[in-house]
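Right, one structure below, let's go through it.
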There are 2 protein chains.
Amino acid sequence: MITIKDVAKHAGVSVSTVSYVLSGKRPISTATSQRVRHSIHELGFHPNAGARALASSRTNVLALVVPLRTDLNLPVIMEFVASIVTAARAHDYHVLLLTKESEADEVHRVTASARADAVIVMDVEARDPRLPALRELDVPVVLIGVPADPTGLSCVDLDFTASGARTVEHLAGLGHRSVGLIGSPPPVYERRTGYATRFRSGVTKSARKRGVTVHISPCAPTYAALSENLDSLLRPELGITGLVVHNEAVLADVVLELRRRNKRVPEDISVIALCPDPVAATQPVPLTSIAIPADEVGAIAVEMLMRGLAGEQPAEVRLLAPALTDRGSTVTAPSTADR
Amino acid sequence: MITIKDVAKHAGVSVSTVSYVLSGKRPISTATSQRVRHSIHELGFHPNAGARALASSRTNVLALVVPLRTDLNLPVIMEFVASIVTAARAHDYHVLLLTKESEADEVHRVTASARADAVIVMDVEARDPRLPALRELDVPVVLIGVPADPTGLSCVDLDFTASGARTVEHLAGLGHRSVGLIGSPPPVYERRTGYATRFRSGVTKSARKRGVTVHISPCAPTYAALSENLDSLLRPELGITGLVVHNEAVLADVVLELRRRNKRVPEDISVIALCPDPVAATQPVPLTSIAIPADEVGAIAVEMLMRGLAGEQPAEVRLLAPALTDRGSTVTAPSTADR
DNA sequence: TCCTGGAGGTGAAACGTTTCAATTTCTCGG
DNA sequence: CCGAGAAATTGAAACGTTTCACCTCCAGGA
């Protein structure tokens with residue numbers, strides 16, 4: 001194995017000089033610097049991560065707690081993970097994968113043994129039992145999602161309340177007076193995973209303000225459940241002309257089922273979804289949607305951690321403003337006469 | 001921070017004794033051992049991972065290369081990842097997440113800098129460009145999936161050839177004489193990702209042997225593509241009475257579409273799938289299927305690595321025999337008269 | 001009785017970096 | 001041409017483990 005000593009010898013400088021060339025923490029003359037870099041390259045030197053961690057008490061690793069329950073919204077999770085890994089790499093950080101299922105103190109062990117410098121936790125619930133333990137950690141922590149009481153913790157997420165409001169405003173602006181919300185599965189509301197509830201409250205609040213009637217219908221992630229939901233939402237007496245879908249698992253089926261029932265999108269019914277852009281764009285009918293900006297969230301989470309590691313970043317809750325993309329699945333509401 | 005020295009002092013023994021208690025590499029009297037353990041617990045000692053790695057040249061970390069392309073079969077990937085993390089934890093190993101997208105030499109950097117002791121690579125293609133680099137690594141490597149030329153590399157995967165054959169034999173055994181295969185998306189065959197091709201060849205070979213006609217129809221992961229596929233497969237002149245589905249993205253839609261076309265499963269047409277058990281079981285009609293045994297594959301992969309790290313495990317290709325679960329979606333073929 | 005060998009324990013030398021403090025080498029104003 | 005300070009470089013002390021080599025006991029075979 002080839003060490004920093006070998007490099008120093010090869011370049012005719014001291015070990016510390018090589019170290020400073022690598023870290024840039026001290027000015028080094030360009031001549032020396034080039035000679036050293038050349039030697040590094042020539043010898044194929046890779047600094048030993050363990051030794052580095054020991055000497056500098058920095059591992060350049062961040063721990064990522066991922067919910068690996070398969071029932072969950074995989075594509076979104078994957079996007080988050082991908083964006084986090086990418087953002088981390090951009091800061092020369094690696095990602096250690098922890099699963100939510102491992103015992104609660106796994107995160108503690110990982111930081112206590114100096115395996116990671118910081119922690120990102122995905123899929124936090126409103127009153128997540130891990131919260132107290134996370135507050136105890138002496139490393140920076142960023143949550144993706146916002147718990148009921150975020151004091152002392154940094155969080156980043158889409159602003160679901162604003163997103164809910166935005167969907168209704170969009171439809172109201174097009175003249176829709178009665179809309180349906182196909183929501184997350186009931187257990188998600190019960191777990192009070194925060195985001196589902198917040199989205200819903202954004203929807204209802206905005207509906208009240210705009211004088212729109214809204215029919216809320218949580219929906220299990222199965223074809224049968226969806227079918228029932230639509231049965232009930234499409235009863236003519238409700239006069240629903242617009243549909244808000246916050247349930248990725250059944251999103252594809254919604255479009256299929258509407259078609260099956262001879263409801264054309266958007267001529268007969270407008271549909272707007274909350275989901276990642278790629279998903280909205282690849283539906284049989286491209287859907288107007290509010291994006292779940294996984295990339296941005298991941299990048300921001302990493303950014304916050306880096307600031308936390310550097311100077312002192314006070315705990316902060318960052319809510320991202322919703323961005324609506326019109327893909328033509330929402331149009332002016334059919335006039336009452338048409339119905 | 002609390003170190004092994006503190007523990008030693010607290011327990012009234014030497015540092016090396018504490019280390020031996022922890023590692024069990026030397027006999028220690030139960031009295032001493034208990035005293036030390038007690039001190040460890042009392043002080044909340046967690047050995048510093050970096051120092052450990054440096055002294056022992058073991059990181060207790062394995063690198064996992066995951067394809068994070070969202071187009072891919074997410075649930076399966078997630079299951080693999082979950083099972084690998086679990087298996088790794090059982091061996092006191094942690095998992096460092098690398099994405100396939102990062103440059104090819106990322107794996108090399110990670111091992112060269114002693115960040116990981118071993119590597120698992122998921123989603124290897126038949127002639128994967130990373131293969132030569134992987135062979136060069138001086139750490140144990142296990143591939144999930146089997147490339148065209150696996151010499152020098154350990155691999156583990158479901159036996160797709162046998163699986164393909166098994167589906168046909170199952171249907172043939174029930175009297176079906178003409179079956180359709182809804183295959184992976186065309187690009188998957190073109191990339192020659194191995195498994196798709198092997199499954200198909202298992203199907204055709206077995207079909208020939210059993211005198212069954214098989215109509216192969218690769219299918220893009222969209223509703224439209226599936227619809228066309230079924231249009232063509234269900235032409236009455238083909239007389240297809242059984243369907244093999246090796247395409248998870250459209251699996252749900254297959255069942256829906258058959259229903260829409262008034263083909264009952266299994267009365268009018270038998271359906272058998274290749275997919276993870278949970279997926280097969282949660283379809284509108286539970287499907288007879290051959291499982292993709294993610295758990296087992298993950299556990300075996302980790303097992304192989306551990307043996308590689310310990311003594312010398314020669315490179316080995318492990319193909320798992322297919323397990324078929326009958327969930328009632330396949331029945332005796334309707335007699336010719338019925339059609 | 002002596003010797004052998006294993007069990008139980010210890011001190012100190014690695015392991016490969018970073019970084020502090022000290023030293024040498026420059027640059028430039030007076 | 002000197003001296004002061006800045007710039008560049010260096011030596012050596014950490015960092016917290018593991019593990020080798022050594023030491024002391026004590027049991028039991030000859």
Side-chain angles (χ1 to χ4, degrees), chain A residues 1-37 39-40 43-61 92 94 109-117 309, chain B residues 1-37 39-40 43-61 92 94 109-117 309:
Chain A
M1 187 200 199
I2 155 109
T3 79
I4 200 175
K5 236 183 225 168
D6 303 319
V7 175
K9 200 166 295 170
H10 187 271
V13 296
S14 77
V15 161
S16 40
T17 300
V18 176
S19 176
Y20 285 125
V21 167
L22 248 29
S23 71
K25 295 195 176 179
R26 282 292 186 76
I28 298 286
S29 74
T30 49
T32 314
S33 170
Q34 290 199 339
R35 208 147 25 96
V36 169
R37 279 176 208 294
S39 299
I40 288 176
L43 302 180
F45 167 66
H46 290 264
N48 179 291
R52 266 198 162 166
L54 183 54
S56 65
S57 26
R58 269 298 174 87
T59 62
N60 277 43
V61 167
D92 198 27
H94 285 267
R109 277 210 299 272
V110 163
T111 58
S113 62
R115 249 180 218 292
D117 298 334
L309 286 169
Chain B
M1 190 202 198
I2 155 109
T3 79
I4 199 176
K5 236 182 223 167
D6 304 319
V7 174
K9 201 166 295 171
H10 187 272
V13 296
S14 77
V15 160
S16 41
T17 301
V18 176
S19 176
Y20 286 126
V21 168
L22 247 27
S23 71
K25 295 195 177 180
R26 279 288 197 75
I28 297 286
S29 73
T30 49
T32 314
S33 170
Q34 290 199 340
R35 209 147 26 94
V36 169
R37 280 176 207 292
S39 299
I40 288 176
L43 302 180
F45 167 66
H46 290 264
N48 180 291
R52 263 196 165 169
L54 184 53
S56 65
S57 27
R58 271 297 175 88
T59 62
N60 277 42
V61 167
D92 198 27
H94 285 267
R109 277 211 298 272
V110 162
T111 57
S113 61
R115 249 181 219 292
D117 298 335
L309 286 169

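In what follows, chains are A, B, ... by sequence order, proteins preceding strands, each numbered from 1. We use all heavy atoms of the structure for the numbers below, so side chains are in, but hydrogens, waters and symmetry mates are not.
- Judged as a side-chain hydrogen bond (donor to acceptor under 3.5 Å, both in side chains), the pairs with a partner in residues 1-12 of chain B (not counting sequence neighbours) are, in order, B:H10-B:S39.
- At whole-Å resolution of the value, CZ in B:R58 and C1' in D:dT18 are 13 Å apart.
- Distance, B:R35 CZ to C:dG8 C1': 12 Å, rounded to whole Å.
- The shortest heavy-atom contact between A:R115 and B:A49 is CG-CB, 3.7 Å.
- DNA chain D is contacted by both B:S23 and B:A51; B:A51 maps to the nucleotide lying nearer its 5′ end (nearest heavy atom per residue).
- Here the side chains of B:V61 and B:D117 are not in contact, with every heavy-atom distance at 4.5 Å or above.
- Contacts of residues 7-14 of chain A with DNA chain D (heavy atom under 4.0 Å): A:V13, A:S14.
- No side-chain N or O of A:S19 forms a donor-acceptor pair with one of A:S16 less than 3.5 Å apart.
- A:I4 has its CD1 atom 6 Å from the P atom of C:dT17, to the nearest Å.
- In terms of heavy atoms, B:L22 sits closest to B:F45 at CD2-CE2, 3.8 Å.
- Taking only side-chain atoms of B:Y20, from C-beta outward, the nucleotide of D:dA21, D:dG16, C:dA7 with the closest atom is D:dA21.
- Across all strands, B:S29 comes closer than 4.0 Å only to sugar-phosphate atoms, never to a base (heavy-atom distances).
- Take the nearest nucleotide of DNA chain D for A:V15 and for A:I28: the residue whose nucleotide is more 5' is A:I28.
- For the 3.5 Å distance criterion, the side chains of B:R109 and B:S113 fail to qualify, holding no donor opposite an acceptor.
- Nearest to the side chain of B:S16, among D:dG16, C:dT17, C:dT10, sits C:dT10.
- When every heavy atom of B:I2 is checked against every heavy atom of B:G44, the shortest pair comes out as CG2-O, 4.1 Å.
- Side-chain proximity of A:T3 to C:dT17, D:dT17, D:dA8: nearest is C:dT17.
- The distance from atom NZ of B:K5 to atom C1' of D:dT17 is 11 Å, rounded to the nearest whole Å.
- Dashed line: the shortest gap from a side-chain N or O of A:T17 to OP1 or OP2 of D:dT9 is not under 4.0 Å.
- OP1 or OP2 of C:dT19 has at least one side-chain nitrogen or oxygen of A:K25 nearer than 4.0 Å.
- A donor-acceptor contact closer than 3.5 angstrom is absent between the side chains of B:T30 and B:S33.
- At the heavy-atom level, B:S19 lies under 4.0 Å from base atoms of the strands shown.
- Residue B:T32 is classed as a sugar-phosphate contact, given heavy-atom separations below 4.0 Å to backbone atoms only.
- The interatomic distance linking B:N48 (CG) with C:dT17 (C1') rounds to 13 Å, in whole Å.
- As rounded to whole Å, 13 Å separates atom C1' of D:dA14 from atom CG of B:L54.
- In this structure, the CD1 atom of A:I40 is 16 Å from the P atom of C:dG16, given to the nearest Å.
- Residue-to-nucleotide contacts include no donor-acceptor pair under 3.5 Å from the side chain of B:R26 to the base of D:dT19.
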